[in-house]
Amino acid sequence: MMSGIRGGPVKMQKLLIELMVMGVIGLISGAVQRPDYDDTPNPEFLNPSWMARIPDDQPLSEVTMPGTHNTMALYGGVYAECQTWSLASQLRAGIRFLDIRVRHIKGNLTIHHGVSYQRAHFGHVLEGVADFLREYPNETVLMRLKEEFSETYDIYGAVVDYIHRYAHWDLLWHSRLVPTMREARGKLIVLQDFSGPDLGMRYGSLDIADHWRVPTLLHVEEKWQSVYKHLEAAPVGNKAQIFLTYSSGAGVFAYPRAVAQRINAQLYGYLRAKADLNQRFGIVCMDFPAAPIIQMIIDFQLKHVIKTRQAFNAVHSKAGLKYTTSSLRKKLIKHGRPVNDNTINEASLWTPNTAVIARIQ
């Protein structure tokens, strides 16, 4: 793993000490709010209803959206914490993909990141999503759900019980098929990462890049390369398949905050360089995202919508001009006026068409 480092064990030991010192500095430096990275308690700004502008016939697989890794991991120290915003804040900031990990014990589903209990249970997540979708019915939420810190391999019954107790059955999208935005609006789409009958879509049906192991900060560049390659593949990949790219990572000498501070900056630069391109990136899943990078990810989808509308308006305008010209020609003939292309062009170029027709009438 470290064989490529020149200088052997002594050099490696020195580098590991430096990494630990950097970690201590990061811990005592306080909260940070940058355009790409935010570990403060609240987002810089909110964007709760951005999906309302997406056309109804747009397949969800062609939507570019922001997500959070280990969405509910707000507690447990530097190695467990992946977010600082509450679930409600994340949803209102524009996050539409949630990564939820539940511990199954005696029929209960508590939220965990590894051994760290996150002071919540699955019912709190369902209530939060249901409340959000009730307030913003044009949105949809995708939720990867898997078992964590328990190995029962049998959480289906408990999940169904929680859905009935804390939400309602019709809240879910009950199909393995990728919905259109019309079908997805107001729905929670469970990306089922556990066995049992279908509750929604299967997590494994997505095209996923989740190379989360980052042993030390020296390996951040390797992590970035995996993110970069998958983002590059998404625009030309199968449009019927949802792409999911995790920018998050961690290791013994690379806790989530430290990795996110570096990877998010590279991700922000990459997306900014692509800003003028109309591309689909799928779900971009992050630790400690900031409102500006969330907005940047959202904008890729909305630029597609704006571009489509502009194209439609241009065609509509040409059709309207053709109709107006035809009407003008008929009016001129009716009133015995000479008709040729110059007459029509001069009228349409120099005079409001409706006014010309009105005068002839």
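Scope of the values below: all heavy atoms of this structure, side chains included, with no hydrogens, waters or symmetry mates.
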Quick one: do His219 and Thr216 satisfy side-chain hydrogen bond (donor to acceptor under 3.5 Å, both in side chains)? Show the steps, please.
CA-CA 6 Å; His219 296 82; Thr216 76; 2.9 Å; yes

Taking Lys274 first and then Glu232, would you say they form a salt bridge - that is, a charged N and a carboxylate O separated by under 4.0 Å?
yes

Before you tell me yes or no, could you show the steps for His121 and Tyr166 under ring pair (Phe, Tyr, Trp, His ring centres under 6.0 Å), namely the whole-Å CA-CA distance, both residues' side-chain angles and the distance that decides it to 0.1 Å?
CA-CA 11 Å; His121 58 71; Tyr166 296 97; 5.3 Å; yes

For the pair Arg257 and Asp287, find out whether any cationic side-chain nitrogen is under 4.0 Å from an anionic carboxylate oxygen.
no

Just so I know, are the side chains of Gln225 and Lys223 near enough to count as touching, which here means a heavy-atom distance under 4.5 Å?
no

Testing His69, Gln192, Arg101 for side-chain contact (heavy atoms from CB on, under 4.5 Å) with Arg144, which one passes?
Arg101

Charged N-O contact under 4.0 Å between Glu135 and Arg92:
yes

Report the C-alpha distance between Leu91 and Val141 in whole Å, list the side-chain angles of each, state the deciding distance to 0.1 Å, and finish with yes or no for side-chain contact (heavy atoms from CB on, under 4.5 Å).
CA-CA 9 Å; Leu91 290 171; Val141 175; 4.0 Å; yes

Can we say Arg103 and Glu147 salt-bridge, meaning some charged N sits less than 4.0 Å from an Asp/Glu carboxylate O?
no

Does Lys187 form a salt bridge (Lys or Arg N to Asp or Glu O under 4.0 Å) with Asp170? I'd like the steps, not just the answer.
CA-CA 8 Å; Lys187 297 290 186 181; Asp170 291 338; 5.7 Å; no

Less than 4.5 Å apart, side chain to side chain, heavy atoms only: is that true for Leu142 and Met65?
yes

Give the minimum heavy-atom separation between Ala260 and Phe288, together with the two atoms involved.
CB-CD1, 4.0 Å

Determine whether Glu139 and Arg96 satisfy the following criterion, salt bridge (Lys or Arg N to Asp or Glu O under 4.0 Å), listing intermediate values before the conclusion.
CA-CA 8 Å; Glu139 306 300 294; Arg96 293 294 175 268; 3.0 Å; yes

Compute the centroid of each ring, for Trp169 and then for His174, and state whether the two points are separated by less than 6.0 Å.
yes

Listed partners of Asp161 passing side-chain contact (heavy atoms from CB on, under 4.5 Å), at least two apart
Arg165

By salt bridge (Lys or Arg N to Asp or Glu O under 4.0 Å), which residues pair with Asp198, not counting sequence neighbours?
Arg176, Arg202

Below 4.5 Å, heavy atoms only, C-beta onward: do Leu244 and Tyr203 meet side chain to side chain?
yes

Smallest heavy-atom separation, Ser61 atom then Lys239 atom, equals OG-O, 2.5 Å

Do Tyr270 and Trp224 make a side-chain contact, defined as non-hydrogen atoms from C-beta onward lying under 4.5 Å apart?
yes

After noting the C-alpha distance and the side-chain angles of Gln83 and Thr68, does the key distance pass the side-chain hydrogen bond (donor to acceptor under 3.5 Å, both in side chains) rule?
CA-CA 8 Å; Gln83 313 297 333; Thr68 48; 4.7 Å; no

Are Ser195 and Asp154 packed together at the side-chain level, in the sense that at least one heavy-atom pair is separated by less than 4.5 angstrom?
no

Stacked cation flag Arg119 on Tyr75, 6.0 angstrom / 45 deg
yes

Check Leu171 against Ala130 and note the closest heavy-atom contact, atom names and distance.
CD2-CB, 4.1 Å

Phe243-Phe281 aromatic ring centre distance below 6.0 Å
no

